[in-house]
**Q** 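Can you keep this structure in mind? I'll have questions shortly.
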Number of protein chains: 2
Amino acid sequence: MTQHTPIDPVVNFIELMGLQFQGDGAPRIAGRIYGLLLMEGRPLGLQDMATRLQVSRASISTNARLLATKGLVELVSQPGDRQDYYQLIPVPHVSILETVSARMASAAERMTQAEAMLPEEMGEAKTRVRALVSFYRQSADFMQRWVREVSS
Amino acid sequence: MTQHTPIDPVVNFIELMGLQFQGDGAPRIAGRIYGLLLMEGRPLGLQDMATRLQVSRASISTNARLLATKGLVELVSQPGDRQDYYQLIPVPHVSILETVSARMASAAERMTQAEAMLPEEMGEAKTRVRALVSFYRQSADFMQRWVREVSS
DNA sequence: CGGATCATTCAGTCTTGACTGAACGATCCG
DNA sequence: CGGATCGTTCAGTCAAGACTGAATGATCCG
């Protein structure tokens with residue numbers, strides 16, 4: 001019978017990151033991978049992570065690549081080794097903020113398109129939508145500024 | 001047989017908001033409610049919305065209250081009428097940003113707690129976590145600043 | 001070439017949570 | 001009081017998607 005209440009602080013931290021990611025709408029396993037890399041601080045292979053986190057290699061593969069596309073992690077290789085190693089990106093702030101910024105910008109874009117199709121009679125509704133779009137656009141810009149500030 | 005490809009721009013906009021919310025991890029119906037209110041620009045009763053959006057009253061009730069807790073919508077009453085009416089909050093920016101800010105702050109808080117439990121030998125890991133926490137805290141602060149800027 | 005060791009893909013399972021319908025309590029009006 | 005009309009709660013259904021295991025393709029080494 002396995003321990004029901006884990007007191008291992010490392011496991012605890014990894015699990016916290018899993019829940020954190022899940023709360024943000026990302027797969028829980030992606031969070032656990034990030035937490036594990038944060039604890040180890042060195043490149044880890046897929047097989048390593050799969051056994052450490054007790055999940056399938058397929059899941060690790062998928063989620064590690066997900067993290068890579070989001071700019072939180074990067075794929076590295078070691079000479080004379082066929083394994084894929086992943087390691088933390090030292091300064092993930094830029095990626096995080098730019099992802100959010102891009103989301104807002106695309107939302108603004110789609111809303112603008114839908115707003116343009118509304119008939120002229122709905123002038124007030126169109127104005128309300130444009131105000132919201134404006135806020136999204138400004139926020140996206142503001143994040144870019146913040147990126148520059150934080151990376152200086 | 002119902003129309004398969006809706007060209008009604010209002011329905012189109014409402015549906016877009018539904019998808020937008022869903023993409024942000026919120027219930028699709030919450031987005032549709034917000035879209036509907038954005039189109040109408042006046043307080044709407046639960047029954048109204050339920051028939052307009054063709055969903056159950058229970059769902060409208062739940063999601064309207066969700067939007068209210070997030071500060072996007074507010075409950076209003078009309079004299080001599082027992083219905084609950086909901087209307088848009090004119091300037092939702094503050095609520096949106098403060099929600100995000102609060103999320104980041106609480107994430108930073110939990111990470112700090114978990115980090116404190118790590119043994120001293122893991123000095124480097126602790127440092128990495130603290131750097132991440134610092135970023136979260138700064139971002140939360142930065143959003144507060146942005147709130148002030150946008151509401152002036 | 002043939003076996004071994006990778007990562008990835010895909011069909012299928014299973015979990016999460018959004019949504020519904022029926023009941024309930026509250027409030028109002030006749 | 002009794003019927004009607006609210007909003008909410010709750011158990012149950014259903015769909016989306018996270019995860020798995022087996023199969024596939026690629027690369028390396030003997």
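Because the structure is a prediction, the values reported are computed rather than measured.
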**Q** In whole Å, what is the span from the CD atom of B:Gln54 to the C1' atom of C:dT20?
**A**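 From B:Gln54 CD to C:dT20 C1': 14 Å.
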
**Q** Should A:Glu74 and A:Arg65 be marked as a salt bridge (Lys or Arg N to Asp or Glu O under 4.0 Å) after you check the CA-CA gap, both sets of side-chain angles, and the distance that decides it?
**A** CA-CA 9 Å; A:Glu74 64 182 345; A:Arg65 273 178 296 155; over 6 Å; no

**Q** Does any part of the side chain of A:Glu98, heavy atoms only, come nearer than 4.5 Å to the side chain of A:Gln144, both counted from C-beta?
**A**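 A:Gln144 vs A:Glu98: side chains touch.
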
**Q** Using a 4.5 Å cut-off between side-chain heavy atoms of Ile, Leu, Val, Met, Phe, Trp and Tyr, which other residues end up in the same hydrophobic cluster as B:Val76?
**A**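 Reading the cluster by chain and number, B:Val76 sits alongside B:Tyr85.
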
**Q** Quick one: does B:Lys126's side chain have a donor or acceptor within less than 3.5 Å of a partner on B:Leu118's backbone?
**A**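 The answer is yes, because a donor-acceptor pair under 3.5 Å joins these two groups.
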
**Q** Take the protein atom CG of A:Asp48 and the nucleotide atom C1' of C:dC6, then report the distance between them rounded to whole Å.
**A**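 Rounded to the whole Å, the gap is 13 Å.
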
**Q** Would you tabulate the pairs of protein nitrogen or oxygen atoms and nucleotide nitrogen or oxygen atoms of nucleotides 1-6 of chain D closer than 3.5 angstrom?
**A**
from  : atom 1 : to      : atom 2 : distance (Å)
D:dT5 : O2     : B:Arg82 : NH1    : 2.7

**Q** Name all residues meeting the ring-ring contact (aromatic ring centres under 6.0 Å, His included) criterion together with B:Phe142; count only those two or more places apart in sequence or in a different chain, and write none if there are none.
**A**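 For B:Phe142 the ring-ring contact (aromatic ring centres under 6.0 Å, His included) partners, ignoring immediate neighbours, are A:Phe142, A:Trp146.
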
**Q** Please give, in whole Å, the distance from C:dT20 P to B:Ile60 CD1?
**A**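 The distance from CD1 of B:Ile60 to P of C:dT20 comes to 8 Å, rounded to the nearest Å.
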
**Q** Figure out the CG/C1' separation between B:Leu67 and D:dG7, and round it to whole Å.
**A**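 Checked: the CG to C1' distance equals 16 Å.
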
**Q** Can you tell me the distance, in whole Å, between the CE atom of B:Met49 and the C1' atom of C:dC19?
**A**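 Atom-to-atom, B:Met49 to C:dC19, this comes out as 17 Å.
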
**Q** Sequence neighbours excluded, which residues qualify as side chain to side chain donor-acceptor pair (under 3.5 Å) partners of A:Asp24?
**A**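 Scan of A:Asp24 (side chain to side chain donor-acceptor pair (under 3.5 Å), adjacent residues dropped) gives B:Arg103.
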
**Q** Do A:Leu44 and A:Arg52 touch side chain to side chain, with heavy atoms closer than 4.5 Å?
**A**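 Not in contact.
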
**Q** Between N or O atoms, less than 3.5 Å apart, protein on one side and nucleotides 9-18 of chain C on the other: list the pairs.
**A**
from  : atom 1 : to      : atom 2 : distance (Å)
C:dT9 : OP2    : A:Arg65 : NH1    : 2.9

**Q** Is there side-chain contact between B:Gln87 and B:Leu37, with at least one heavy-atom pair below 4.5 Å?
**A**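 No; the side chains remain at least 4.5 Å from each other.
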
**Q** Whole angstroms only, please: what is the CD-P distance between B:Gln78 and D:dG7?
**A**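 So the CD-P distance, B:Gln78 to D:dG7, works out to 12 Å.
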
**Q** OP1, OP2 of D:dT20 versus side-chain N and O of A:Ser59: anything below 4.0 Å?
**A**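 Yes, because at least one side-chain N or O of A:Ser59 sits under 4.0 Å from OP1 or OP2 of D:dT20.
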
**Q** Round to a whole Å and report the spacing from CG of A:Asn63 to C1' of C:dA7.
**A**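 Taking atom C1' of C:dA7 as the reference, CG of A:Asn63 is at 14 Å.
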
**Q** Not counting sequence neighbours, list each pair that qualifies as a side chain to side chain donor-acceptor pair (under 3.5 Å) and has a residue in residues 113-124 of chain A.
**A**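 For residues 113-124 of chain A: A:Glu115-A:Arg130.
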
